[in-house]
2 protein chains.
Amino acid sequence: MDLRKLKYFKVVADEKHIGRAAKILHISQPPLTRQIHQLEEELEVKLFNRTPKGMELTDAGILFREEVNNIFGLIEQATERTQKAGQGRLGRLDIAIFGSGIMGDIPKILLAFKERYPEVNVVLHTMGKGEQINALRQKRISLGFNRLLAPLPDIDSELVAIEELVLAINTNHPMASMPAIPFAKISDIPLILFPASNRPNFIDKTIRLCQLAGFTPNISQEVGDAVTSIALVASGFGACLIPKSASVLTIPGVVYKSLIEAPDETEVDLSCIFRKEDASPLLRAFLDIVIEYRTANEKLNR
Amino acid sequence: MDLRKLKYFKVVADEKHIGRAAKILHISQPPLTRQIHQLEEELEVKLFNRTPKGMELTDAGILFREEVNNIFGLIEQATERTQKAGQGRLGRLDIAIFGSGIMGDIPKILLAFKERYPEVNVVLHTMGKGEQINALRQKRISLGFNRLLAPLPDIDSELVAIEELVLAINTNHPMASMPAIPFAKISDIPLILFPASNRPNFIDKTIRLCQLAGFTPNISQEVGDAVTSIALVASGFGACLIPKSASVLTIPGVVYKSLIEAPDETEVDLSCIFRKEDASPLLRAFLDIVIEYRTANEKLNR
DNA sequence: GCATCTCAATACCTTTAAGGTATTGAGAGG
DNA sequence: CCTCTCAATACCTTAAAGGTATTGAGATGC
């Protein structure tokens, strides 16, 4: 079977005339005659009745014409869908996020991506840092959002945003009435830190910042995630440092305060990681959105 | 586009190796390399990643492979149907069934149809709900059997049967000795539900029934199909609800129990779907058989 | 770190089959 | 019976698929 023959058959069926069909197809009449004969031989079916006025479809030919139209429709659809997939406009993208990352920048990026590539099915998985790297290597995900990354030979990363840190503090604490809190004052307050795993982590970062400011933090509790941490602040365990985006979480008993007179780098990065050699257009399209988002944000902040 | 290229693509995709594929196709390696390149050029899409170990499909390539299989399926169907038509006995009906549907009513209907139209070649395909609708629209099938359908503008449906639900339970479970089980008792047992996709599905239905009965089900596991589900019951994961027809599956370790004191609608429909505008006499003949079957059954139950 | 091995890719020639020109054959109509 | 209008046949040309030999690139082993 050969698509050329099917195309020729279609035109002859429409024109009911080999000569005219040949003209439409920009070939001469004899080869077209031959192709039609070959098609009939191959199918072992007479598709046309030859009359002195031209060609007329048989019953089988009428059926075959419909089927041929279906075939061409499917081929067209296949090429279009494949081209879309090749440009990253169709398919499935598995992305890992971490617990508190679901607030702030990540949903904005996901929305921007979904708007531009509505036919891409984005599947979200919640994973810690180590798990993300495993999942990337096993190709279970194509991209992971994370913070405080250490470089790896097979994993690339792209910065998404840099967020300043704010202090979550109990409303009954004396400092809760201050408009902003000098960083050094933190030395007086018991701190709740998170997460307890996946080094280098936000705990290491906090400890380093305190040392830069000239004191050792008073660590009250280590917990697994930002939400637990804030819940403990509400019940009076102490205060905690969190990225500003997480401060959309409002709980009775907790207020968020900006920090002043803070060391440089009193901020935390949000990045995304992906396999260095992953050339999937879907991933690259996503990274383009991430970069756009970051540059738009940088301009805004200047 | 050229079917030769598609055929070659399929073999290379299967073998992940141009040399081996060339051998299978009884041609030498260089022309095959060229054909694959031409295909990629024509589609303007990279279909393979070249690795030192061979060829690996890209995401777009994976999609294209499926589409190509659909195309060949349609071509096969077209030639067969045309040949039959040429011999004056038009007759191939492509029908989709779902995993567990192969038990119960469907084979009875198929038998009834084959008895009345012995010359018609019925070809069965196993597909999920979404896939069936795709295949109907692409005219790769003429009819699909399914459950729990949502209405669609271009697809009509016809009810086949309504089946009561029974509980599959491990023989070691205390309730296994009861003659029948009150529905509310299900709240105590971990449930295995299926299928995990194709909403609205049987899982949604089960959850709704439990809510009607005044409790939230204790979901132990979601699986893809009824057979897996029953296998898990056998190994002690919990119990599951299945349509009565599937209870012909007997496995050591599983017994089936009727439910008493159950909410209304503790039953599930079996329907068939088809293109609204499909006037093919073959399809209409099949639907006639379906309707006859249903009315005969209804009388029987009265 | 060099040799080797295993792939796909390239270069160049051969063969197959599609396409073209000229002509014939067959049925219908005047 | 001539002619007109088609498709069919005969025979040549050309485009493109297939083949052989070789190269190039990335891994693997000593």
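We use all heavy atoms of the structure for the numbers below, so side chains are in, but hydrogens, waters and symmetry mates are not. Quick caveat, the model's predicted, so the values are computed rather than measured. Here is the naming used below: chain letters follow the sequence lines, and residue numbers restart at 1 for every chain.
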- Message: Enumerate the salt bridge (charged side-chain N to carboxylate O under 4.0 Å, His left out) contacts for residues 66-77 of chain A, please, sequence neighbours excluded, ordered by first and then second residue.
- Response: A:Glu67-B:Arg81
- Message: Given C:dA18, D:dG18, D:dA7, identify the nucleotide with an atom nearest to the side chain of B:Arg4.
- Response: D:dG18
- For C:dA18, does OP1 or OP2 lie under 4.0 Å from any side-chain N or O of A:Gln38? yes
- Item | d(CD, B:Gln35; P, C:dA8) in whole Å | 16 Å
- Contacts of A:Phe286 meeting ring pair (Phe, Tyr, Trp, His ring centres under 6.0 Å) (sequence neighbours excluded), chain-then-number -> A:Phe113
- Task: Among the candidates C:dA8, C:dA18, D:dG19, find the nucleotide nearest to the side-chain atoms of A:Arg34.
- Result: C:dA18
Just the atom pairs and distances: protein N or O near nucleotides 25-30 of chain C's N or O, under 3.5 Å.
none

- Message: Quick test of your reading of the model: are A:Asp14 and A:Lys16 salt-bridged, counting only N-O distances below 4.0 Å?
- Response: no
- Could you check how far CG of A:Leu3 sits from P of D:dA17, rounded to whole Å? 13 Å
- Spacing between A:Glu15 atom CD and D:dA7 atom P, to the nearest angstrom: 11 Å
- Query: So what does B:Tyr8 touch, heavy atoms closer than 4.0 Å: a base, only the sugar-phosphate, or nothing?
  - Reply: sugar-phosphate
- Task: Pick out which of B:Lys139, B:Lys276, B:Arg137 makes a salt bridge (charged side-chain N to carboxylate O under 4.0 Å, His left out) with B:Asp154.
- Result: B:Arg137
- Message: Under 4.0 Å, heavy atom to any atom of DNA chain D: which of residues 19-31 of chain B qualify?
- Response: B:His26, B:Ile27, B:Ser28, B:Pro30, B:Pro31
- Message: Do A:Leu47 and A:Leu39 have side chains that approach each other closer than 4.5 Å (heavy atoms only, starting at C-beta)?
- Response: yes
- Between NE2 of A:His37 and P of D:dA10 the distance, given in whole Å, is 12 Å
- Message: Whole angstroms only, please: what is the CZ-C1' distance between A:Arg50 and D:dA8?
- Response: 10 Å
- Length of the CD-P vector between B:Glu56 and C:dA8, whole Å: 13 Å
- Separation between CG (A:Leu143) and SG (A:Cys272), nearest 0.5 Å, reads 4.5 Å
- Item | Sequence-distant partners of A:Arg147, side chain to side chain contact (heavy atoms under 4.5 Å, CB included), two or more places apart | A:Phe98, A:Glu163, A:Pro243, A:Ser245, A:Val268, A:Leu270
In a table with atom names and distances, give each donor-acceptor pair under 3.5 Å that connects a side chain of residues 18-29 of chain A to protein atoms at least two apart or in another chain.
unit_1, atom_1, unit_2, atom_2, d
A:Arg20, NE, A:Glu15, OE1, 3.3
A:Arg20, NH2, A:Glu15, O, 2.9
A:Gln29, NE2, A:Thr33, OG1, 3.0

- Item | Nucleotide D:dA17, atom P - distance to CD of B:Glu41 in whole Å | 12 Å
- Message: Using modelled atom types and a 3.5 Å cut-off, is there a donor and acceptor pairing between side-chain atoms of A:Gln35 and backbone atoms of A:Tyr8?
- Response: no
- Message: From NE2 of B:His17 over to P of C:dT6, roughly how many Å is that when rounded to an integer?
- Response: 10 Å
